[in-house]
Amino acid sequence: MMSYLNIDPVAFSLGPLKVHWYGVMYLIGFLGAWWLGRFRAKRPASGWRPEQVDDLIFYGALGVILGGRLGYALFYDFDHILADPFAIFKIWQGGMSFHGGLLGVLVAMMIYARKVGKGFFQVTDFVAPLVPIGLGAGRIGNFINGELWGKATELPWGMVFPDPRAGGLPRHPSQLYEAALEGVALFLILWFFSRRPRPTMAVSGLFLFCYGLFRFAVEFVRVPDAHLGYLALDWLTMGQILSLPMVFMGIILLGWAYRKRSSTHLIKS
């Protein structure tokens, strides 16, 4: 069993204002995406100008925050929101959904693409390799908060989380699994894949496929939200239900992208 690093969730205080590590991780995610986006925009034939990335990240940040909160309310806390509609605005009480954030970002990218005269998938293909930075940072924030821990385990890296609901048992540090898969592994896959010219939609499709697969797998060792539990078969979670369409859509986009490129080559030849 490994010792859990009991870190104060508050990173620092400015008088009465307390800045939490989770908020710092969001900032790291946005700043990292902004820096990396400008770096990619400077590459020859990128089709982007560095200054365009500034507005792109602003639109993306709005999509993440608004979509993440609305998604959590609809997917994970609907009964509570139905009873108290104003609770949706109580962000300080926690509750953000990746899948809701993804939908929010897609809407934001649609608006941004129309504004700058780019194709929707041209924008999402550029954005996709930037997203894992925020995903990985967010999971580290979950770990620092001691939340979203996994099932009990006898594996040597099991950790005892301070939350009384964890029962004092060694548990899978599922936040770190997700940080490694959704953050590090997904970033490396998309970064190296997108370094060479790819058909439109291919990078977006690979992102959806890999994230959906990684999240679906980790859900097997992650404890589901207590008020939802398992939705079917004593193992199917809301996270898995929301991730499956991502896997299928990723396969469809990848197949469509390469099929279109093959058809174009045939016509040209």
Side-chain angles (χ1 to χ4, degrees), residues 25-68 98 101-138 179 181-214 246 249-269:
M25 291 302 164
Y26 265 83
L27 182 61
I28 290 174
F30 292 137
L31 288 177
W34 171 78
W35 179 84
L36 189 61
R38 289 182 67 91
F39 173 80
R40 295 187 72 216
K42 293 176 182 177
R43 295 192 305 185
S46 71
W48 289 80
R49 300 190 310 273
E51 57 270 21
Q52 289 179 308
V53 176
D54 301 347
D55 285 344
L56 178 67
I57 298 303
F58 175 73
Y59 276 74
L62 287 179
V64 167
I65 295 171
L66 297 177
F98 164 79
L102 175 64
L103 292 175
V105 168
L106 292 179
V107 171
M109 294 302 99
M110 191 179 301
I111 296 171
Y112 177 82
R114 183 174 298 178
K115 175 187 174 184
V116 298
K118 291 182 179 291
F120 173 71
F121 285 109
Q122 183 184 359
V123 174
T124 58
D125 282 352
F126 182 81
V127 167
L130 314 181
V131 176
I133 302 172
L135 295 179
L181 291 172
E182 301 167 10
V184 179
L186 186 57
F187 171 76
L188 292 175
I189 290 170
L190 294 175
W191 180 257
F192 286 106
F193 182 76
S194 63
R195 288 183 68 180
R196 298 178 58 186
R198 303 292 179 181
T200 303
M201 295 184 291
V203 178
S204 300
L206 186 62
F207 170 85
L208 291 174
F209 174 77
C210 290
Y211 178 88
L213 195 64
F214 291 157
M246 295 182 67
M249 183 57 67
I251 294 172
I252 291 170
L253 290 182
L254 281 166
W256 191 6
Y258 281 98
R259 183 176 180 180
K260 284 182 65 177
R261 188 174 74 167
S262 298
S263 299
T264 303
H265 286 172
L266 286 173
I267 293 173
K268 288 182 178 179
S269 61

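In this chain, residues are counted from 1 in sequence order.
Of all heavy-atom pairs spanning Gly205 and Leu254, the tightest one is C-CG, 4.0 Å. Considering all non-hydrogen atoms of both residues, Val53 and Ala41 come closest at CG2-CB, 4.0 Å. Between Leu186 and Pro132, the shortest heavy-atom distance links the atoms CG-CG, 3.8 Å. Between Ala257 and Pro199, the shortest heavy-atom distance links the atoms O-CB, 3.6 Å.
Rounding to the nearest 0.5 Å places OG1 of Thr124 at 9.5 Å from CE of Met201. With values rounded to the nearest 0.5 angstrom, Leu188 atom CG is found 11.5 Å from Cys210 atom SG. The distance from atom CG of Leu253 to atom CZ of Phe121, rounded to the nearest 0.5 Å, is 5.0 Å. Between the CG atom of Asp125 and the CZ atom of Phe193 there is a distance of 9.0 Å, given to the nearest 0.5 Å. One distance of note links OH of Tyr59 with CD1 of Ile111; it measures 7.0 Å at 0.5 Å rounding. The structure places CD1 of Ile65 at 4.5 Å from CZ of Phe30, a figure rounded to the nearest 0.5 Å.
Legend: salt bridge (Lys or Arg N to Asp or Glu O under 4.0 Å) pairs involving residues 39-52, not counting sequence neighbours, sorted by first then second residue: Arg49-Glu51. Among residues at least two apart or in separate chains, salt bridge (Lys or Arg N to Asp or Glu O under 4.0 Å) pairs with a member in residues 181-190 are Arg139-Glu182.
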Working for side-chain contact (heavy atoms from CB on, under 4.5 Å), residues Phe214 and Leu135: CA-CA 12 Å; Phe214 291 157; Leu135 295 179; over 6 Å; no
Evaluate Phe126 against Gln122 for side-chain contact (heavy atoms from CB on, under 4.5 Å), listing each step before the verdict. CA-CA 6 Å; Phe126 182 81; Gln122 183 184 359; over 6 Å; no
Step by step, work out the side-chain contact (heavy atoms from CB on, under 4.5 Å) result for Asp54 and Arg38. CA-CA 8 Å; Asp54 301 347; Arg38 289 182 67 91; 3.0 Å; yes
For Val64 and Tyr26, run side-chain contact (heavy atoms from CB on, under 4.5 Å): C-alpha distance rounded to whole Å, both residues' side-chain angles, the deciding distance at 0.1 Å, then the answer. CA-CA 10 Å; Val64 167; Tyr26 265 83; 4.0 Å; yes
For residues 112-119, run the donor-acceptor check on the side chains, cut-off 3.5 Å, and write out each pair with its distance to 0.1 Å, sequence neighbours left out.
from: Tyr112; atom 1: OH; to: Gln52; atom 2: O; distance (Å): 2.9
from: Lys118; atom 1: NZ; to: Gly47; atom 2: O; distance (Å): 2.7

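Val123 is listed as a side-chain neighbour of Trp48, based on a closest heavy-atom distance under 4.5 Å. Contact annotation: the side chain of Leu208 approaches that of Leu102 to within less than 4.5 Å [non-hydrogen atoms, C-beta and beyond]. Contact check for Val203 versus Phe207: no side-chain heavy atoms found under the 4.5 Å cut-off.
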